[in-house]
Amino acid sequence: MSAPSYWLHTLGPITPRPPLDGDRAADVAIVGGGYTGLWTAYYLSQADPSLKIVVLEAEYCGFGASGRNGGWASGLFPVSEEKLTRRYGAGPAAAMHAALAGAVDEVGRAAAAEGIDCDYAKGGTITLARTPAQLRRASSTPGFIGAGEAGAICGAKGVLGGVYSPHCAALHPAKLVRGLAAAVERRGVTIHEGTRVDRIARGRVETSHGTVRAGTVVRALEGYTARLAGHRRNLAPVYSLMIATEPLPAEDWARIGLRRRETFSDERHMIIYGQRTADDRLAFGGRGAPYHFGSRIEPDYDRVPAVFDNLRATLTEMFGIRPEIAYRWGGPLGIPRDWMPSVGLADGVAWAGGYVGDGVAAANLAGRTLADLIAGTRSDLTTLPWVGHRSRRWEPEPIRWLGINAALHATNLRDALERPRARAI
């Protein structure tokens with residue numbers, strides 16, 4: 001089993017729920033006990049308490065990305081509003097981004113309503129520009145702020161400017177997902193953990209513990225979708241790794257800032273992301289781990305020492321600190337071929353995912369949308385651009401392995417070329 005994230009470690013020992021024990025019937029069978037599956041169950045049970053809803057989870061709720069992510073409930077979407085506008089028109093594109101911004105607040109509202117203390121703090125997010133090339137990109141982006149204002153939010157070294165958005169909250173992701181699981185159980189939803197699904201089809205979910213027959217089946221596996229029979233090429237499981245420092249002293253935080261727990265990144269091409277935790281650690285992550293042939297997912301892939309070393313070195317370079325690292329972990333996230341997340345329902349099978357790492361708030365929006373689709377309710381959510389979208393499948397191997405890892409190396413090279421070179425004396 002994978003090494004637990006800092007987030008899961010703080011919750012202490014987890015007592016698993018019983019697995020499925022034989023065949024059974026339900027109105028809705030949800031495959032996956034992460035944010036997407038649990039939010040879907042939450043809003044469905046709220047809309048119609050009489051529904052018999054079953055959630056099937058291979059490990060335990062929050063084992064995957066929902067318990068390991070960077071703790072950003074953000075309004076970010078991997079497809080820009082400009083691209084969405086070209087494809088769907090200005091109105092639908094604006095509606096998509098507005099709905100995601102609203103989901104940030106809905107996560108906080110629902111958590112508070114259910115008594116889930118997940119350290120929610122809506123301080124916004126800042127993307128720093130720290131090289132001339134990064135500044136050129138940032139300066140043409142909505143929300144651009146100058147060096148003084150950006151440095152006052154996040155006291156990294158060499159800040160030239162930044163892009164600030166209020167549509168982001170820092171939170172403790174594992175507290176949210178475990179609290180959400182308890183909330184849906186209070187509403188009558190049945191959760192079976194330790195129950196890996198082998199195959200799904202219209203009206204049927206097959207596991208080694210039995211078969212669940214249901215009017216609607218929901219696929220909510222995100223990075224683990226590739227393990228499901230017939231779905232290996234739907235989403236590529238790409239690893240993101242994280243570290244968490246020991247709590248930092250007050251003098252370090254006086255320089256670093258993030259006083260409202262703003263989340264932070266910068267304009268480099270290889271994605272990094274961080275937050276100030278409620279107990280004054282830096283939780284910091286980034287991409288850079290390789291994609292594994294055949295979309296394989298293994299516990300050993302959660303730990304790549306070179307990536308952990310690079311993350312620690314980046315914190316040192318950004319903030320002039322040499323922090324002790326208390327936790328190291330990682331896990332796969334789901335990436336569609338066109339980087340476009342989607343939600344849909346067709347022929348009795350619903351799905352949502354492909355969030356490309358920005359799934360904390362997007363999964364809440366997806367859960368509400370799926371609840372409307374399953375109930376047959378036409379709403380503003382069911383007409384958003386991502387509803388019914390179908391990404392083309394990833395290429396077969398070895399093309400998939402070559403292409404994804406070549407893109408990874410090219411991204412590293414682009415960042416290396418943008419770093420200012422030291423002048424010869």
Side-chain angles (χ1 to χ4, degrees), residues 3-10 68-74 117-131 134-135 138 145-166 168-175 240-268 270-288 305-330 415 419-420:
S5 67
Y6 156 67
W7 313 114
L8 287 167
H9 189 272
T10 61
R68 309 189 202 186
N69 63 77
W72 290 36
S74 79
D117 180 8
C118 60
D119 302 335
Y120 181 96
K122 191 184 178 188
T125 188
I126 187 165
T127 304
L128 301 170
R130 301 176 58 242
T131 70
Q134 291 181 10
L135 182 61
I145 56 178
E149 192 174 354
I153 294 172
C154 182
K157 297 166 65 177
V159 173
L160 303 176
V163 177
Y164 176 79
S165 168
C168 189
L171 52 75
H172 188 302
K175 286 182 179 179
S240 194
L241 272 59
M242 289 197 70
I243 58 176
T245 69
E246 296 286 1
L248 300 182
E251 55 267 29
D252 284 345
W253 284 117
R255 294 195 312 274
I256 296 170
L258 307 176
R259 293 170 183 83
R260 297 188 302 139
R261 292 187 57 213
E262 296 93 342
T263 63
F264 69 93
S265 61
D266 70 14
E267 289 279 353
R268 73 185 66 196
M270 185 66 74
I271 294 170
I272 60 169
Y273 50 93
Q275 70 145 289
R276 178 180 184 170
T277 67
D279 61 350
D280 284 337
R281 302 172 189 264
L282 275 170
F284 187 68
R287 311 288 165 79
V307 176
F308 292 139
D309 290 345
N310 285 339
L311 291 172
R312 185 180 187 276
T314 301
L315 286 182
T316 297
E317 187 272 328
M318 289 183 76
F319 299 114
I321 58 175
R322 296 185 180 276
E324 292 295 323
I325 305 304
Y327 300 93
R328 299 168 176 84
W329 72 95
D415 283 331
R419 293 189 194 109

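- Counting heavy atoms from C-beta outward, Asp252 and Asp280 have side chains that stay 4.5 Å or more apart.
- Residues Phe319 and Phe264 bring their aromatic ring centres within 6.0 Å.
- Counting heavy atoms from C-beta on, the side chains of Arg281 and Tyr327 come closer than 4.5 Å.
- In this structure, Lys175 NZ and Thr10 OG1 are separated by 6.0 Å, a value rounded to the nearest 0.5 Å.
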**Study point:** Verdict with supporting geometry, Ile145 and Ile153, side chain to side chain contact (heavy atoms under 4.5 Å, CB included)
**Key:** CA-CA 11 Å; Ile145 56 178; Ile153 294 172; 4.0 Å; yes

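- Here the side chain of Arg328 pairs no donor or acceptor atom with the backbone of Ile243 at under 3.5 angstrom.
- Between the side chain of Arg255 and the backbone N or O of Gly155 there is no donor-acceptor pair closer than 3.5 Å.
- Heavy atoms from other residues, nucleotides or ligands lying under 6.0 Å from CD of Glu251 number more than 12.
- Once rounded to the nearest 0.5 Å, the distance linking OG1 of Thr314 with CZ of Arg268 reads 5.0 Å.
- Taken to the nearest 0.5 Å, the OG atom of Ser265 stands 6.5 Å off from the CD1 atom of Ile272.
- For the pair Pro323/Thr316, a side-chain contact is recorded, criterion being any heavy-atom separation below 4.5 Å from C-beta on.
- The minimum heavy-atom distance between Arg130 and Ala156, with the atom names listed, is NE-CB, 4.1 Å.
- Pairing each heavy atom of Tyr273 with each of Gly286, the nearest pair is CE2-N, 3.4 Å.
- Under the 3.5 Å distance criterion, the side-chain polar atoms of Glu267 are left unmatched by any main-chain donor or acceptor of Leu135.
- Taking all atoms of both residues into account, the shortest heavy-atom contact from Val159 to Cys154 is CG2-O, 4.1 Å.
- The main-chain N or O of Arg276 is found under 3.5 Å from a side-chain atom of Arg261 such that the two form a donor-acceptor pair.
- Among all heavy-atom pairs drawn from Ala150 and Gly162, the shortest one is CB-N, 4.0 Å.
- Asp119 CG to Thr277 OG1: the interatomic distance, rounded to the nearest 0.5 Å, is 8.0 Å.
- For Trp72 (side chain) and Thr263 (main-chain N/O), no donor-acceptor pair under 3.5 Å exists by modelled atom type.
- Considering CD of Gln134 and CG of Leu128, their distance stands at 8.5 Å, rounded to 0.5 Å.
- Of the possible polar contacts, none joining the Asn69 side chain to the Pro173 backbone as a donor-acceptor pair under 3.5 Å is found.
- Taking 4.5 Å as the limit, some side-chain heavy atom of Ile256 sits within range of a side-chain heavy atom of Leu282.
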Review point. Should Phe284 and Arg312 be marked as a side chain to side chain contact (heavy atoms under 4.5 Å, CB included) after you check the CA-CA gap, both sets of side-chain angles, and the distance that decides it?
Key: CA-CA 9 Å; Phe284 187 68; Arg312 185 180 187 276; over 6 Å; no

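- Looking at Glu317 and Arg419, no side-chain N of the basic residue comes within less than 4.0 Å of a carboxylate O on the acidic one, giving no salt bridge.
- To the nearest 0.5 angstrom, Phe308 atom CZ is 10.5 Å from Ile325 atom CD1.
- What you find for Arg287 and Ser240 is that their closest heavy atoms are NE-OG, 3.5 Å.
- In this structure, Trp329 and Trp7 have perpendicular ring planes: the angle between them is above 60°, well past the 30° mark.
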